[in-house]
Amino acid sequence: MDFRFDIIVEYAPFLLKGTLLTIGLSIAGILIGTVFGLFIGLGKMLQNKLLAFPFTVYITFFRGTPLFVQILLVHFGVVPFLIGETNAIYAAIIALSLNSAAYIAEIFRAGIESIDKGQMEAARSLGMNHVQAMWHVILPQAFKRMIPPLGNEFIVLIKESSLAAVITAPEIMYWGRAMAGQYYKVWEPYLAAAVIYLILTISLSFLLNRLERRLKTE
Amino acid sequence: MIKVQNLKKSFGDNEVLKDINLSIEPQEVVVVIGPSGSGKSTLLRCINLLESITGGHILIEDKDITDKKNDINKMREEVGMVFQHFNLFPHKTVIENLMLAPTKVRKVSSVEARKKGMELLQKVGLEEKANAYPSSLSGGQKQRVAIARALAMEPKIMLFDEPTSALDPEVVGEVLEVMKQLAKEGMTMVVVTHEMGFAREVGDRVIFMDGGYIVEENEPKQLFESPQHERTQAFLSKIL
Ligand SMILES: Nc1ncnc2c1ncn2[C@@H]1O[C@H](COP(=O)(O)OP(=O)(O)OP(=O)(O)O)[C@@H](O)[C@H]1O
Ligand SMILES: [Mg+2]
């Protein structure tokens, strides 16, 4: 078996573009997912069970079905319904954000619930209302505890964004598959893609470890 | 100043406060004692509206705080609370702990809040810890900060729920000293405590609670030396 580095070199510019898109998709997914996830997590924690129910359904749906199915639903259903035609990059961002929001909602809930009840009581006893207490007392503390699982979710997103290849969003795996199709080769494209993903995830966990250590000593 | 009328509080089927009637005068220091589970903490938490009550009324300066029409947060500002486990905000420095509520709730400028905060820290003897984080303080220091934090909102009444029972014995004194000072300055106080020395010295009245009722109340000397009820006698014989 001869390993053809030359085709990897030939595809390098495309793989680089694909890498940028993968990074873009995951960053968009984690950012939108975080904002949306906070909202859903708070919704699920509502005292009123009836009001909390839709949020619980949301979380159950997005955690209980494969991301692959969600991407197809968004690509062929939701996006055409919204803008009349489909668009792979929009669809990928929407599906990844909706999916990560469900996981991040649970991360938020766990983070908030891990804060001692006395914190909320102390804040309330000082005359703060619920929103002020949440914003100034509970969330800043909870956020620190959420950073490791949020980082983990980010890593998951980088890997799972590869599923966007099937709806032709030109990220890493899209170009990997294109390379495989053109040269009828297996090892070169997929190993190249694997190495790129590894570089991304290992650098990210390195950064997260440093961040965590910084926060711990604070 | 505070009137509690026919107060009832249940958790599910468990009726914890059965029929509490209590009246506290301005500048009075009332000490609450009683066995574990008798409802002492629950009573304080009801007065501060940290628990929703099941029945009865609580009036603070003739305003019914249990009336839904009154703003709960406004009512809470009038009542300071000090907890057994301090509940300082660990992500904020000592002075920030004191400044948070005045700036966010009262909209006091941060310059003014800091000035007031430093005065209060001086009062509890901790001005040199203003920029420290709570985790670096001893238990006694934490509780003194917690008292200063409650005072920063200029409450009319201070509630203390076993403020010294989570402390090492050697730092109990410094916290009691701050409380005594506060009493001397005329603060109205309700204190749940097992510190009988404090009750005798500072308390104007001692209330003995058991099983969700106020069993007996009297001046400290009388209550400790000649308790009228059997249950009070039994309790006192165990702790004195
Ligand atoms: N949030 C709650 N939910 C259910 N039951 C509760 C709750 N808080 C208190 N109780 C119950 O109410 C009763 C009285 O509790 P409370 O904390 O007021 O007693 P206490 O007199 O302060 O006791 P201690 O000396 O141990 O602090 C106990 O039986 C307790 O189990
Ligand atoms: Mg108690």
Side-chain angles (χ1 to χ4, degrees), chain A residues 34 37-38 41-42 45-52 104 107-151 208-218, chain B residues 41 44-45 47-52 71-93 96-108 113 133-136 142-143 145-161 166:
Chain A
T34 299
L38 172 60
L42 290 174
M45 288 193 304
L46 287 172
Q47 297 287 321
N48 186 326
K49 289 278 171 290
L50 211 64
L51 291 178
I104 292 172
I107 292 173
F108 270 118
R109 193 180 56 81
I112 288 168
E113 286 178 356
S114 76
I115 304 299
D116 185 74
K117 272 202 348 245
Q119 292 290 308
M120 176 56 93
E121 294 188 344
R124 299 305 298 270
S125 80
L126 289 165
M128 284 184 232
N129 62 34
H130 190 82
V131 173
Q132 288 170 327
M134 265 293 172
W135 189 250
H136 296 294
V137 176
I138 307 297
L139 285 178
Q141 296 182 59
F143 216 86
K144 237 171 154 175
R145 297 193 192 175
M146 290 172 202
I147 284 172
L150 273 179
L208 286 166
N209 274 333
R210 292 200 36 174
L211 181 64
E212 262 175 64
R213 240 177 299 147
R214 269 256 304 275
L215 287 174
K216 225 173 248 157
T217 52
E218 244 174 37
Chain B
S41 298
L44 289 200
R45 295 164 57 81
I47 295 175
N48 204 10
L49 293 171
L50 287 174
E51 301 286 356
S52 58
D71 179 2
I72 287 192
N73 297 312
K74 206 89 215 125
M75 297 293 149
R76 281 210 191 92
E77 287 178 43
E78 314 281 317
V79 184
M81 177 119 175
V82 174
F83 301 86
Q84 184 175 359
H85 296 288
F86 332 122
N87 298 344
L88 294 178
F89 305 137
H91 59 302
K92 302 213 169 275
T93 61
E96 286 167 353
N97 265 272
L98 269 66
M99 291 165 62
L100 185 64
T103 52
K104 302 304 173 194
V105 179
R106 288 262 161 84
K107 311 287 179 205
V108 173
Y133 280 91
S135 58
S136 69
K142 282 182 190 162
Q143 196 60 298
V145 172
I147 293 171
R149 179 178 68 176
L151 292 173
M153 287 301 282
E154 301 178 332
K156 300 195 170 107
I157 306 142
M158 287 281 282
L159 310 176
F160 295 82
D161 191 1

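The chains referred to below are lettered A, B, ... by the order of the sequence lines, with proteins before strands, and numbering in each begins at 1.
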Measuring heavy-atom distances to chain A, does [X] have an atom under 4.5 Å in its side chain, in its backbone, in both, or in neither?
X	value
B/Phe83	side chain
B/Leu88	backbone
B/Lys74	neither

task = Give every residue pair that meets the side chain to side chain donor-acceptor pair (under 3.5 Å) criterion with at least one member in residues 148-160 of chain B, sequence neighbours excluded.
result =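 Output for this query lists B/Glu61-B/Lys156, B/Glu78-B/Lys156, B/Asn97-B/Arg149, B/Lys116-B/Glu154.
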task = Among B/Met81, B/Arg106, B/Arg45, single out the residue with the greatest number of heavy-atom pairs under 4.5 Å to chain A.
result =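 Option with the top pair count is B/Arg45.
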query = A/Glu113 and A/Arg109: salt bridge (charged side-chain N to carboxylate O under 4.0 Å, His left out), yes or no, with the steps?
reply = CA-CA 6 Å; A/Glu113 286 178 356; A/Arg109 193 180 56 81; 3.1 Å; yes
Given 3.5 Å as the limit, does a donor-acceptor pair link the side chain of [X] with the main chain of [Y], or not?
X	Y	answer
B/His91	A/His136	yes
A/Asp116	A/Gly118	yes
B/Arg76	B/Leu49	yes

request  = Please assess A/Met128 against B/Asn73 for the test side-chain contact (heavy atoms from CB on, under 4.5 Å), listing each intermediate value before the final yes or no.
outcome  = CA-CA 6 Å; A/Met128 284 184 232; B/Asn73 297 312; over 6 Å; no
Side chain, backbone, both or neither: which part of [X] has a non-hydrogen atom closer than 4.5 Å to chain B?
X	answer
A/Ala133	neither
A/Asn129	both
A/Gln132	side chain

